[in-house]
Amino acid sequence: MSAFKPDHPGADVHASPNFGPRREGKRPSIVVLHYTGMETGTAAESWLANPQSEVSAHYVVHEGGRIVQMVPENERAWHAGQSSWKGEADINSSSIGIEIVNGGPLLDFPQFPDQQIDAVIDLCKGIISRHAIRPENVLAHSDIAPGRKIDPGERFPWSTLYDAGVGHWVAPSPVRGGRFFSLGDEGQPVEALQSLLALYGYDVPIDGVFGASTQLGVLAFQRHFRVQKVDGVADVSTVETLHRLLSELPGFAR
């Protein structure tokens, strides 16, 4: 792919050949945030531009705040993999993917520098404005692929993005004692929990059985919205936080 004019003002262009047309006339309705999980941003860009990798992203945001666009926003980048959100399985056709340079587990989960987060916020605001993306559809890779991915990880400052006008967030309810649901539990209360997770968007079964898929959904939810304790147990704090998030959405029966 030859160079193209960037969609985001001020972005550098490093064109990747790994892209295609969005399918079935789909347009971006989701922003997916990733971390690169590699030692350097240069290595990440090289991998995302390598035809043999068969992966790409629309943008890469470096630690110092430099933004690089690799795929035009109107094209389908290959960043989400097998994933699902609100019943949509072709997330690549419905999303814009942003890779944030951070070593993740390779470098013991380093903090995200302020300059980098400022750039992510600015980039997201532009994407949201161009495509009328709803706040609750600014997501983690772990939200859409909870069985496979944990990025951008528990150190990602979602509340900072929300305070700047990006994404959906409530202050998590305090972790405390009380009734909880965990692996192996069954019954109507578990089915109600699954229904709430699915209503928000998570790909969990609604069968009244707290199995592995439900546990992964709870872990993904906690990793994004309740990082004080990420254990896959649906405790009072987790359920309250989920319900409060849902209560802010249009059409949710309070």
Side-chain angles (χ1 to χ4, degrees), residues 32-33 35 84-86 100 102 104-105 108-112 114 117 120-121 134-254:
V32 181
L33 303 184
Y35 57 46
S84 178
W85 189 254
K86 295 181 180 177
I100 303 165
N102 183 285
D108 196 26
F109 300 98
Q111 297 284 353
F112 295 86
D114 290 344
I117 296 303
V120 170
I121 289 169
R134 294 191 56 80
E136 65 271 20
N137 282 347
V138 178
L139 302 170
H141 198 188
S142 54
D143 289 321
I144 63 170
R148 299 187 304 110
K149 298 295 182 178
I150 63 171
D151 57 314
E154 296 159 38
R155 290 193 171 183
F156 189 75
W158 292 102
S159 62
T160 300
L161 267 67
Y162 177 74
D163 289 343
V166 174
H168 190 205
W169 177 263
V170 296
S173 295
V175 177
R176 59 192 190 281
R179 191 176 185 185
F180 63 87
F181 308 107
S182 58
L183 200 61
D185 287 339
E186 299 184 17
Q188 195 281 327
V190 172
E191 183 177 342
L193 166 69
Q194 293 170 325
S195 296
L196 292 176
L197 285 167
L199 186 60
Y200 198 78
Y202 291 93
D203 184 17
V204 298
I206 303 176
D207 58 7
V209 179
F210 200 118
S213 295
T214 300
Q215 184 184 51
L216 289 170
V218 172
L219 280 166
F221 177 81
Q222 292 172 335
R223 193 166 280 121
H224 187 154
F225 295 106
R226 212 288 304 272
V227 298
Q228 291 82 355
K229 190 175 184 181
V230 180
D231 59 0
V233 174
D235 57 6
V236 173
S237 167
T238 300
V239 175
E240 282 185 355
T241 303
L242 172 58
H243 197 277
R244 287 168 49 228
L245 282 162
L246 283 165
S247 70
E248 295 186 348
L249 300 183
F252 181 74
R254 292 166 174 79

Engineer: Run the side chain to side chain contact (heavy atoms under 4.5 Å, CB included) test on Phe109 and Tyr35 for me, step by step, so that the C-alpha distance in whole Å, both residues' side-chain angles and the decisive distance to 0.1 Å come before the verdict.
Structural biologist: CA-CA 10 Å; Phe109 300 98; Tyr35 57 46; 3.9 Å; yes
Engineer: Do other residues, nucleotides or ligands put more than 12 heavy atoms under 6.0 Å from Arg179 CZ?
Structural biologist: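 It does not: Arg179 CZ has 12 such atoms or fewer within range.
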Engineer: Hey, what's the ring geometry for His168 with Tyr200, parallel, tilted or perpendicular (30° and 60° as the breaks)?
Structural biologist: parallel
Engineer: side-chain hydrogen bond (donor to acceptor under 3.5 Å, both in side chains) with Asp143: which residues, sequence neighbours excluded?
Structural biologist: Tyr202, His224
Engineer: When you look at Trp158 and Val227, which way does the side chain to side chain contact (heavy atoms under 4.5 Å, CB included) test go after all the steps?
Structural biologist: CA-CA 10 Å; Trp158 292 102; Val227 298; 5.9 Å; no
Engineer: Please check this pair: side chain of Thr241 against backbone of Ser173, looking for a donor-acceptor N/O pair closer than 3.5 Å.
Structural biologist: yes
Engineer: Applying side chain to side chain donor-acceptor pair (under 3.5 Å) to Thr160 and Asp163, what does each step give before you reach the verdict?
Structural biologist: CA-CA 5 Å; Thr160 300; Asp163 289 343; 5.7 Å; no
Engineer: What do the steps show when you test Leu242 against Leu197 for side chain to side chain contact (heavy atoms under 4.5 Å, CB included), and what is the final call?
Structural biologist: CA-CA 8 Å; Leu242 172 58; Leu197 285 167; 3.8 Å; yes
Engineer: Any chance CG of Asp114 has more than 12 other-residue heavy atoms, nucleotides or ligands included, within less than 6.0 Å?
Structural biologist: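 12 or below, so no.
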Engineer: Ignoring hydrogens and angles, tell me if any N or O in the side chain of Asn102 forms a donor-acceptor pair with the backbone of Pro110 under 3.5 Å.
Structural biologist: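 Flag set: sc Asn102 to bb Pro110 pair under 3.5 Å.
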Engineer: Counting N and O atoms only, with roles assigned by atom type, does the side chain of Arg226 sit under 3.5 Å from a partner on the main chain of Lys229, one being a donor and the other an acceptor?
Structural biologist: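 Between the backbone of Lys229 and the side chain of Arg226 there is a qualifying donor-acceptor contact (under 3.5 Å).
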Engineer: How would you list, by chain and number, every residue that makes a salt bridge (charged side-chain N to carboxylate O under 4.0 Å, His left out) with Glu186, sequence neighbours excluded?
Structural biologist: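 Not a single residue meets the salt bridge (charged side-chain N to carboxylate O under 4.0 Å, His left out) criterion with Glu186.
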Engineer: Does Gln222 reach the main-chain N or O of Asp231 with its side chain, forming a donor-acceptor pair under 3.5 Å?
Structural biologist: yes
Engineer: Can you check whether Val209's main-chain N or O pairs, donor with acceptor, with Gln194's side chain at less than 3.5 Å?
Structural biologist: yes
